[in-house]
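So that the names make sense, note that chain A is the first sequence line, chain B the second, and so on, each numbered from 1.
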Protein chains: 2
Amino acid sequence: MPESAIRPRKEFGKTIAADITHRLREEIIACALPPGEPLRFDVLRERFGASFTTLREALTALAAEGLVDAQEQRGFRVAPVSRQDLVEVTDARVLIEVELIRRSIERGDDDWEIAVISTLHRLKRIEQRDPEHPLRDPEWKIAHRQFHQALVSACGSATLLAIRAELFDRAERYRHLSANFRPRPRDKAGEHQAIMQAAISRNADLAVQLIEAHIRSTSDNVAKYAGHLLDAE
Amino acid sequence: MPESAIRPRKEFGKTIAADITHRLREEIIACALPPGEPLRFDVLRERFGASFTTLREALTALAAEGLVDAQEQRGFRVAPVSRQDLVEVTDARVLIEVELIRRSIERGDDDWEIAVISTLHRLKRIEQRDPEHPLRDPEWKIAHRQFHQALVSACGSATLLAIRAELFDRAERYRHLSANFRPRPRDKAGEHQAIMQAAISRNADLAVQLIEAHIRSTSDNVAKYAGHLLDAE
DNA sequence: CTAGACCATATTTTCGAAAATCATACCGTT
DNA sequence: AACGGTATGATTTTCGAAAATATGGTCTAG
């Protein structure tokens, strides 16, 4: 297969549809496709090199995740943003993440501790490299996601983890939205370190308190520096 | 349009895909399509009279809801059931529903009270008609769903309501699974009445306690009477 | 000048054929 | 007999044309 060796067509999944779902998700989260933007098939077809129906499948999946808004007979658009939605997402994240942290701290074994410690370690390494604009570094984004994922990974519920992951994605889009206007990243490194320590030392109450503050302060920052974008919709 | 006047093709949505998504969801929840059943396109094509790609879109949407299991390159199947999944769904429902009941009781206005009272009234009316096998009566199912929906409808978060709705659907499938083996329905009418009264009188702690017991006892019944089906998978 | 009907165009939605992939049975070799 | 490779049929996945629907502009009647 000479062609696929040059530029593999399917990078993330076995099917083209799964691949495009993944790429579209990334672009929407990163606000490369801005909120509210109409997703016309002609444009998508050229950009992603797939047919109508394949794109349709991807958009349908993303609509179920809340990243795309399907308007029957009138196509799709990137899910709009709003203050209300930001509040709801933040709120839902706190409710669920707090519970999952508690369960993970209660049930986590050695592997869990190792995962928490090592993902934080990697995150800090990457931050040292370029501490200015972490959100623009794809590696930082992945490492950040993996650290937070590791924290709750021992909760024992795949169902709640899936819900948590969707909410995390939706929240990350808001972080990107405000990244261009935020003067300077606040001290996330310190917060992550404190959360890790509370978790590893099995201090559930403290970990929960820190996580909630972490989620809410991020959200507050978005509202503060991207407020004008939230009202415009 | 003579043909569509005879048998309208799209009953639930403007698009055929949305319509089929709806119909497939109903059949899966009702276990007309049994858990684990392979969903082959030839069969679906004949049964629903739609083309490959339209069916694919519907299946993709249901996969995101957790009612269908997509196995890349090897098609779709009805999501399997298991003890573990039942426990997770029950558990997640309690976590979320309890919170939403609290918020609804705190925020609910007159319209909310009226909705709770009237949906329960309708439910009781239907139960009087045929108290034996409520789950086999489509009207009872709708009324039951609407009562529980009304209870949490004033919570103020569309995001959490959407998550709740998905979990409700997944739980309802388990109820259907055990319905054929359960000797007799327990006293749901009384439970619903008590929940309504606690909610209307703004007794949040009591309402929460009753709802949790309601959800857990339903789940326990499923495990008790459909246990053999859960282990077989 | 406004409201409504009508046409032309743009866009989405649906379809079935064609390509890609998987599962199975068969065959030859060890 | 066990194993590995290969051909065959079944099934999924993808494609672009065709149908259905929405959009926007023009004309006419009131």
* **Pair B:E26 + B:R23, salt bridge at N-O below 4.0 Å** => no

* For atom CD of A:E46 and atom C1' of D:dG16, their distance in whole Å -> 16 Å

* **Qualifying residues under salt bridge (Lys or Arg N to Asp or Glu O under 4.0 Å), relative to B:E139, sequence neighbours excluded** => B:R129

* **B:D110: side-chain contact (heavy atoms from CB on, under 4.5 Å) partners, not counting sequence neighbours** => none

* Mapping B:R40 and B:T53 onto DNA chain D by nearest heavy atom, which one lands closer to the 5' end? -> B:R40

Taking only distance into account, with no hydrogens and no angle test, what donor-acceptor pairs under 3.5 Å do side-chain atoms of residues 86-99 of chain A form with protein atoms, sequence neighbours excluded?
| unit_1 | atom_1 | unit_2 | atom_2 | d |
| --- | --- | --- | --- | --- |
| A:E88 | OE1 | B:A158 | N | 3.1 |
| A:E88 | OE1 | B:T159 | N | 2.8 |
| A:E88 | OE1 | B:T159 | OG1 | 2.8 |
| A:E88 | OE2 | A:Q84 | NE2 | 2.6 |
| A:E88 | OE2 | B:A158 | N | 3.2 |
| A:T90 | OG1 | A:L86 | O | 2.7 |
| A:T90 | OG1 | A:S219 | OG | 2.9 |
| A:D91 | OD2 | B:R103 | NH1 | 2.4 |
| A:D91 | OD2 | B:R103 | NH2 | 3.0 |
| A:E97 | OE2 | A:R164 | NH1 | 2.8 |
| A:E99 | OE2 | A:R103 | NE | 2.9 |
| A:E99 | OE2 | A:R103 | NH2 | 3.2 |

* Structure fact -> note: B:D42, atom CG; D:dT11, atom C1'; distance rounded to Å ~ 7 Å

* To do: For residues A:G66 and A:A79, report the shortest heavy-atom separation together with the two atoms involved.
  => O-CB, 3.5 Å

* Give one of base, sugar-phosphate or nothing for A:F76, where a contact means two heavy atoms less than 4.0 Å apart. => sugar-phosphate

* Structure fact -> Considering only heavy side-chain atoms of A:F52, the closest of D:dC15, C:dT14, C:dC15 is C:dT14

* Structure fact -> For B:I142, the side-chain contact (heavy atoms from CB on, under 4.5 Å) test, sequence neighbours excluded, returns B:Q146

Anything under 3.5 Å between a protein N or O and an N or O of nucleotides 6-9 of chain D, put it in a table, one pair a line.
none

* How many Å lie between CD on A:E57 and P on D:dT12, as a whole number? -> 13 Å

* Taking atom C1' of C:dA23 as reference, at what distance in whole Å does atom CD of B:Q71 sit? -> 13 Å

* Structure fact -> Considering only heavy side-chain atoms of A:A50, the closest of D:dC15, D:dA22, C:dC15 is D:dC15

* Look at all strands and tell whether A:L59 reaches a base, only sugar-phosphate, or nothing, counting heavy atoms closer than 4.0 Å. => nothing

* Asked: Is the shortest side-chain N/O distance from B:R56 to OP1 or OP2 of D:dT12 below 4.0 Å?
  -> no

* Using a heavy-atom cut-off of under 4.0 Å over every strand shown, decide if A:T54 touches base, sugar-phosphate, or nothing. => sugar-phosphate

* List in chain and number order the residues that pass salt bridge (Lys or Arg N to Asp or Glu O under 4.0 Å) with A:R40, two or more places apart in sequence or in another chain; answer none if no residue qualifies. => none

* Asked: Nearest of D:dT13, C:dC22, C:dT12 to any side-chain atom of A:K14?
  -> C:dC22

* Value in whole Å for how far the P atom of C:dT12 lies from CD1 of B:I16 -> 18 Å

* To do: Take atom CG of B:D69 and atom P of D:dT12, then tell me their distance rounded to the nearest Å.
  => 14 Å

* **Interatomic distance where CG belongs to A:L44 and P belongs to D:dG16 [whole Å]** => 15 Å

* Taking OP1 and OP2 of D:dT21, is either one under 4.0 Å from a side-chain nitrogen or oxygen of A:R74? -> no

* Asked: When the distance from CD1 of B:I20 to C1' of C:dC15 is rounded to whole Å, what number comes out?
  -> 12 Å

